*Asks:* 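One structure is given below, represented as structure tokens, and several questions about it will come after.
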Amino acid sequence: MGVVNSKADNLKRKTYSLAIMTGHNNGVNAMALSDDNNMLATASDDKTVRLWRAKFDGYDFFSVLVGHEDYVNCVLIEDIFVVSGSADRTIRKWNIDTSDCLQVFRGHKSLITRIICTGDFLFSSSYDRTARCWDFESGECVRVFLGHKRGVYPMTFIAAEETDDCDDNCCNRQQDDSQNNKDRLVTGSADYTAIVWSFETGRPIHIFKEHSGAITCMATDSQGKILVTGSTDHTIRTWNIDKGERVRVFVGHQSSITCITVINKIVYSGSADHTCRSWVLDFGDLARVFRGHQHTVSCIKYQDGIVYTGSGDGSVMCFDSKSGSLIRAFKGHTAAINAIQILDGRVLSISHDSTVRLWDATALPTNEVNHSQGEKTTVDISSTDNNTLGGKKTAHRMESDRFTPYIPYCNGHSTNTDSTQLPHNIDGDGENYAIDYNFYFSNTMVN
């Protein structure tokens with residue numbers, strides 16, 4: 001079962017802790033929320049997915065999904081289904097209400113790194129150098145995106161623009177530029193490249209090659225026209241997706257980039273140099289440096305003028321996006337933070353310490369500030385809107401939610417605390433390609 005601790009004593013001590021959810025027997029790698037935030041799914045090294053149902057002051061344990069034969073690396077919720085990807089090379093679809101495993105998607109030859117869902121289709125990336133597209137209902141693999149030379153990590157799906165109300169001039173323009181108005185998948189890899197794929201043909205449209213390190217994270221602007229990639233080469237690069245051209249290089253981080261999000265015209269990035277930074281998308285100018293963490297910034301979110309970051313130091317921090325000042329720090333986890341979610345004045349965090357925590361993020365000072373930067377809150381499609389292909393929903397692009405590239409795999413999964421035990425790119429043929437991952441937070445306990 002799962003256990004949820006009382007919040008009263010924690011609030012008295014000003015830790016801002018609302019609830020601690022226990023039950024996993026090993027590190028928690030990923031989480032997903034339902035559209036209404038009433039159901040939380042958490043994926044763990046203990047080979048299970050746990051479901052938690054919302055209550056007034058947190059989440060209660062609901063059920064545990066058992067069936068994977070190795071650690072579970074990614075999870076999402078789509079309608080009444082939970083989908084999970086594992087190091088056992090499979091993807092499983094579960095019924096939320098009954099906890100039954102409905103389907104097992106087989107085909108990948110190595111561990112699953114990311115999954116995203118568009119409603120009709122499920123996309124997955126893997127260490128086997130491929131991304132795959134699956135029919136969500138039948139479980140049939142309908143596309144294999146083959147072309148990367150090493151493991152594939154982040155993905156972004158860009159749906160075609162709607163054309164129902166298009167006038168003659170618009171339609172003529174789209175006819176001339178028809179390839180850019182079709183569904184596309186973008187993938188990043190340890191082979192230093194990002195590839196824009198045609199969903200229709202499964203073939204590359206553009207290959208972006210200028211990085212000199214693994215591509216660990218990516219995002220797009222609100223229009224789905226500019227791709228932003230972060231790499232172990234310490235740089236962020238922007239690319240024109242339609243033209244296949246590099247636009248700018250953002251230089252300033254002193255170590256590998258681990259996570260990226262784009263809010264309107266601002267890029268927020270986290271790095272193994274212990275900082276988060278904000279940049280002007282159109283010009284590449286550094287706007288702010290957010291300091292306070294003592295280890296790798298593993299995940300980042302933005303809402304209402306506040307930048308939220310999770311770190312290998314076990315803390316979650318809240319920064320004013322305009323001034324860069326630290327507003328609040330949530331401390332209590334005893335190992336690295338793997339992901340965070342923001343909802344209704346609260347922060348959810350998962351950690352390799354095997355717990356899920358809920359924090360009080362109300363009454364933050366900047367909630368009353370007029371944010372003249374124009375950084376209005378936008379929907380993080382990866383966690384709250386599973387848009388479908390062909391523009392059936394309003395959102396036109398979606399990104400894999402778990403931006404941090406940390407995957408605790410090293411010739412067989414290990415959770416020991418030896419920081420010299422580094423992850424590798426394990427490809428389908430069994431050949432190991434070591435990546436420059438010496439910056440990654442290990443599973444060590446936080447002092």
Side-chain angles (χ1 to χ4, degrees), residues 27 29-30 73 113-114 150-151 153-154 188-192 194 211-219 228-237 249-262 267-279 286 288-302 307-317 319 324 326 329 333 335-340 349-353 400-410 417-425 433-447:
N29 294 323
N73 203 38
T113 56
R114 304 287 192 278
R150 295 186 180 178
Y153 303 127
S189 170
D191 65 7
Y192 308 172
H211 278 295
S212 59
I215 294 179
T216 56
C217 48
M218 64 171 54
V228 185
T229 55
S231 170
T232 58
D233 65 10
H234 307 181
T235 70
I236 298 165
R237 294 171 188 257
V249 181
F250 300 17
V251 178
H253 278 297
Q254 302 302 304
S255 191
S256 302
I257 314 302
T258 54
C259 48
I260 286 177
T261 189
V262 180
V267 177
Y268 294 95
S269 59
S271 170
D273 65 9
H274 307 180
T275 71
C276 171
R277 294 172 185 244
S278 62
W279 316 77
L286 177 65
R288 292 287 182 272
V289 180
F290 306 89
R291 302 183 188 276
H293 285 298
Q294 302 300 311
H295 216 301
T296 297
V297 177
S298 54
C299 45
I300 185 170
K301 295 286 185 181
Y302 173 96
V307 179
Y308 300 83
T309 56
S311 170
D313 62 16
S315 70
V316 177
M317 292 188 175
F319 297 91
L326 176 63
H333 282 295
I337 307 293
N338 286 330
I340 57 176
S349 59
I350 59 172
S351 168
H352 210 79
D353 66 7
S400 49
D401 184 51
R402 193 182 175 205
F403 292 109
T404 171
Y406 170 65
I407 301 175
Y409 191 101
C410 186
T417 58
D418 179 5
S419 62
T420 62
Q421 188 90 318
L422 302 176
H424 287 69
N425 175 26
Y433 295 94
I435 307 173
D436 179 18
Y437 278 152
N438 57 352
F439 65 91
Y440 278 92
F441 47 83
S442 65
N443 300 335
T444 53
M445 304 295 284
V446 177
N447 293 326

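All values reported here derive from a predicted model rather than from experimental measurement.
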*Asks:* Could you tell me the separation between the CD1 atom of Ile260 and the SG atom of Cys276, rounded to the nearest 0.5 Å?
*Replies:* 10.5 Å
*Asks:* Is there side-chain contact between Ser278 and Val307, with at least one heavy-atom pair below 4.5 Å?
*Replies:* no
*Asks:* Can you name the closest pair of heavy atoms from Cys259 and Ile300 and give their distance?
*Replies:* SG-CG2, 3.7 Å
*Asks:* Hey, are the side chains of Thr261 and Lys301 touching, using non-hydrogen atoms and a 4.5 Å cut-off?
*Replies:* no
*Asks:* What closest approach, in Å, do Val262 and Ala219 show between heavy atoms, and which atom pair accounts for it?
*Replies:* CG2-CB, 3.9 Å
*Asks:* Just verifying a value: how many Å separate Ser256 OG and Asp233 CG, rounded to the nearest 0.5 Å?
*Replies:* 8.0 Å
*Asks:* Using the test side chain to side chain contact (heavy atoms under 4.5 Å, CB included), find all partners of Ser351 that sit at least two apart in sequence or belong to another chain.
*Replies:* His333, Ala335, Ile337, Asp353
*Asks:* Are the side chain of Ser189 and the backbone of Arg150 linked by a donor-acceptor contact shorter than 3.5 Å?
*Replies:* yes
*Asks:* Indicate yes or no for a side-chain donor-acceptor contact from Thr235 to the backbone of Phe250 under 3.5 Å, with no hydrogens or angles considered.
*Replies:* no
*Asks:* As an exercise, state the distance from NE2 of His274 to OG of Ser255, rounded to the nearest 0.5 Å.
*Replies:* 7.5 Å
*Asks:* Tell me, please, which residues at least two apart from Thr229 pass side chain to side chain contact (heavy atoms under 4.5 Å, CB included).
*Replies:* Ala194, His211, Ile215, Met218, Leu227, Arg237, Trp239
*Asks:* Taking the side chain as every heavy atom from C-beta outward, state whether Phe290 and Thr309 have any pair of such atoms under 4.5 Å apart.
*Replies:* no
*Asks:* Under a 4.5 Å cut-off applied to non-hydrogen side-chain atoms, are His253 and Ile236 in contact?
*Replies:* yes
*Asks:* Take Thr258 and Thr216 through the test side chain to side chain contact (heavy atoms under 4.5 Å, CB included) and record every step on the way to the result.
*Replies:* CA-CA 6 Å; Thr258 54; Thr216 56; 5.6 Å; no
*Asks:* Once you round to the nearest 0.5 Å, how far does CG of Asp273 lie from CZ of Arg291?
*Replies:* 8.0 Å
*Asks:* Is any side-chain heavy atom of Ser271 less than 4.5 Å from a side-chain heavy atom of Val297?
*Replies:* no
*Asks:* Determine the minimum heavy-atom distance between Ser269 and Trp279, stating which atoms define it.
*Replies:* OG-NE1, 2.9 Å
*Asks:* How long is the span from the OG atom in Ser315 to the NE2 atom in His295, to the nearest 0.5 Å?
*Replies:* 11.0 Å
*Asks:* Checking the side chain of Thr296 only, and the main-chain atoms of Ser298 only, is there a donor and an acceptor separated by less than 3.5 Å?
*Replies:* no
